[in-house]
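Accompanying notes for the structure given below.
On a predicted model such as this, the values are computed, not experimentally measured, just so you know.
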Amino acid sequence: MNAPDRYERFVVPEGTKKVSYERDTKIVNAASFTVEREDHTVGNILRMQLHRDPNVLFAGYKLPHPLQYKIIVRIHTTSQSSPTQAYTQAINDLDKELEYLKQAFEWFSMQEGCAVQGKEMISGVKLIFCIVASCR
Amino acid sequence: MDRPSGTSYQRFPRVRIRELKDDYAKFELRDTDASMANALRRVMIAEVPTVAIDLVEIEVNSSVLNDEFIAHRLGLIPLTSAAAMQMRFSRDCDACDGDGSCEYCSVEFHLSVHATDSDQTLEVTSNDLRSMDPKVCPVDQARAYQHALGGTDPFGANASNENRGILIVKLRRGQELRLRAIARKGIGKDHAKWSPAATVTFMYEPDIRINEELMETLTVEERISLIESSPTKVFELDSANQVNLFSLVVVKNAEAYTYDDEVIKHAEAIGKPGLVEITAKEDSFVFTVETTGAITAYELIMNAITVLRQKLDAVRLQDDDGDLGELGAHLGGP
């Protein structure tokens, strides 16, 4: 009866920012990013990517409550960097990694995947799709 | 741009597709970590969009099942969703005034079955659904169509007449079911009926090392009991490869290992600790992907990557976010 709409889990309410940023009042180069309507999917890859950055002294995320659809990412960096910079860099790197991964899949299905598909008796339409997908 | 530490820490994952069928894929993913593998798995299950029946207007229902029961069953029928990535979500479609029933965000279905003068029970199946858009239809209808065109059955169901559709309800003589249904784009996070994944799993690739020197001290019986101590068939005796007339114990199928530690415990029990060492390669994963048929396994993987990139793009800091001065200074701005 009074159940919240299901889409509230992944649609950012109007007037709310997807990402908000708050600097730590006591520590320099430390900040918390509140990301609305995200969960472990983004939180964990972001955290692990931040750990690859040697300028990041601390990176962690939490899902404060299962019914509050947001995550809080906390970053502490050296003076060589800043939380915003590390955050942006992590997203850029992840994006590039995924782009590379996508190309790896396309390349593989072009080189050998189609041959694999052929053996698995897939109709010709699929082969054409596969080649088209690789050319894109 | 002056970026003090703007160096990239990007990884370059490697991929090897072992098997690719329409609704099944098995591939290796290397040179990345568990967070990425798990993010891909989570996205495949809950965030790759498909089309499913979402709104049902029942005109006549004299069947034994009530209206909402039938509506629920209709929702669970997988529909071909190759076009779902290009479709709009009804909630942010401006072509229709929020009622979600235009060509950009929805597909209409009709179903009308009347059990007339038959003594047998009439089965209403997904084959009775009539779609208004040829791109979107129940998956087994699409499969039958492809079969009729002379193509091989992509799902490997070899029995040619096995396409009986998905049962919705059974009708007795005189009973009737007539309805209009609207299928919409959605994601598994909203409702599991929109999930294109039947199973998506990944495992760490095991690295199994046998200490050959210690192995040589074992009798044939001891070797056989070691092989049999593993509940899955991980090891075997290689009779072609003999040292001092004893067959060597070799790894037959490393991936059959379920990280149960049974062989290691057995080795310790017979007083030979270190006989077998097994570690998980923490940057190598073996994925198994199975779809419901709504999209192909290859599409599921590619769409998952696209969706994850869109999600990452959405969580970027906007210009008006946070402390502009600091960000600007670091990006070399004024």
Side-chain angles (χ1 to χ4, degrees), chain A residues 6-7 9-11 17-23 31 33 35 38-42 44-49 52-55 80-82 84-85 87-102 104-109 112-113 116-117 120-126 130 133, chain B residues 3-22 27 29 32-36 38-40 42-43 46-47 91 146 149 151-154 156 187 189-191 296 298 301-302 305-306 308-309 311-318 321-323 326-327 329-331:
Chain A
R6 285 196 311 243
Y7 64 77
R9 271 207 257 177
F10 48 89
V11 177
K17 269 197 201 162
K18 180 81 179 170
V19 190
S20 54
Y21 159 69
E22 199 181 333
R23 271 166 69 175
F33 299 81
V35 188
E38 288 298 343
D39 57 15
H40 301 285
T41 308
V42 163
N44 198 29
I45 47 170
L46 209 51
R47 175 182 72 109
M48 294 311 283
Q49 186 64 38
R52 290 174 63 80
D53 186 340
N55 286 315
Q80 306 300 307
S81 185
S82 74
T84 46
Q85 199 196 344
Y87 182 86
T88 307
Q89 184 64 45
I91 290 173
N92 286 340
D93 288 343
L94 285 169
D95 191 60
K96 279 189 277 175
E97 177 177 343
L98 285 165
E99 189 182 0
Y100 183 87
L101 187 64
K102 188 172 191 143
F105 269 109
E106 283 167 356
W107 185 86
F108 195 94
S109 58
E112 295 169 58
V116 174
Q117 281 200 334
E120 298 294 338
M121 297 298 289
I122 297 281
S123 61
V125 186
K126 270 293 132 202
C130 190
Chain B
R3 297 170 72 180
S5 55
T7 38
S8 176
Y9 306 104
Q10 191 203 337
R11 279 174 301 215
F12 298 91
R14 283 184 294 140
V15 165
R16 197 173 82 84
I17 304 171
R18 282 203 201 150
E19 208 183 330
L20 191 61
K21 290 187 203 158
D22 253 26
F27 65 93
L29 178 68
T32 189
D33 69 358
S35 71
M36 185 53 84
N38 196 40
L40 284 173
R42 286 175 65 100
V43 169
E47 297 191 58
R91 60 173 176 277
Q146 223 174 358
L149 281 180
T152 50
D153 193 337
I187 59 172
K189 225 180 195 183
D190 193 341
H191 190 289
T296 64
Y298 185 75
I301 298 164
M302 297 312 266
I305 298 173
T306 310
L308 189 52
R309 286 186 71 189
K311 281 171 75 77
L312 281 169
D313 208 47
V315 301
R316 277 178 202 281
L317 284 170
Q318 300 303 310
D321 274 338
D323 192 335
E326 191 192 43
L327 185 66
H330 278 287
L331 293 174

Inset, instruction - Among B:Leu312, B:Asp33, B:Val43, single out the residue with the greatest number of heavy-atom pairs under 4.5 Å to chain A. - result: B:Leu312
Legend entry - B:Phe27 side, atom CZ; B:Glu19 side, atom CD - distance, nearest 0.5 Å: 13.0 Å
Legend entry - chain A contact via B:Arg91 - which portion, at a heavy-atom distance below 4.5 Å: side chain
Inset, instruction - Check whether B:Asp190 gets within reach of chain A through its side chain, its backbone, both or neither, counting any heavy atom under 4.5 Å. - result: both
Inset, instruction - Determine, step by step, whether A:Glu106 and B:Tyr298 satisfy the side chain to side chain contact (heavy atoms under 4.5 Å, CB included) criterion, reporting the C-alpha distance in whole Å, the side-chain angles of both residues, the deciding distance to 0.1 Å, and the verdict. - result: CA-CA 10 Å; A:Glu106 283 167 356; B:Tyr298 185 75; 3.7 Å; yes
Inset, instruction - Using the test side-chain contact (heavy atoms from CB on, under 4.5 Å), find all partners of B:Asn38 that sit at least two apart in sequence or belong to another chain. - result: B:Arg41, B:Arg42, B:Phe202
Inset, instruction - Name all residues meeting the side-chain contact (heavy atoms from CB on, under 4.5 Å) criterion together with B:Ala34; count only those two or more places apart in sequence or in a different chain, and write none if there are none. - result: B:Tyr204, B:Phe285
Inset, instruction - Check whether A:Phe10 gets within reach of chain B through its side chain, its backbone, both or neither, counting any heavy atom under 4.5 Å. - result: side chain
Inset, instruction - Name the region of A:Lys96, side chain, backbone, both or neither, that has any atom closer than 4.5 Å to a heavy atom of chain B. - result: both
Legend entry - Best-contacting candidate, A:Arg6, A:Glu97, A:Lys102, against chain B by heavy atom pairs under 4.5 angstrom: A:Glu97
Legend entry - Choice from A:Arg9, A:Arg47, A:Gln49 maximising heavy atom contacts with chain B below 4.5 Å: A:Gln49
Inset, instruction - Could you verify whether a donor N or O on one side chain and an acceptor N or O on the other, from B:Ser8 and A:Asp93, lie under 3.5 Å apart? - result: yes
Inset, instruction - Specify whether A:Phe33 and A:Tyr87 have parallel, tilted or perpendicular ring planes, treating 30° as the upper limit for parallel and 60° as the lower limit for perpendicular. - result: parallel
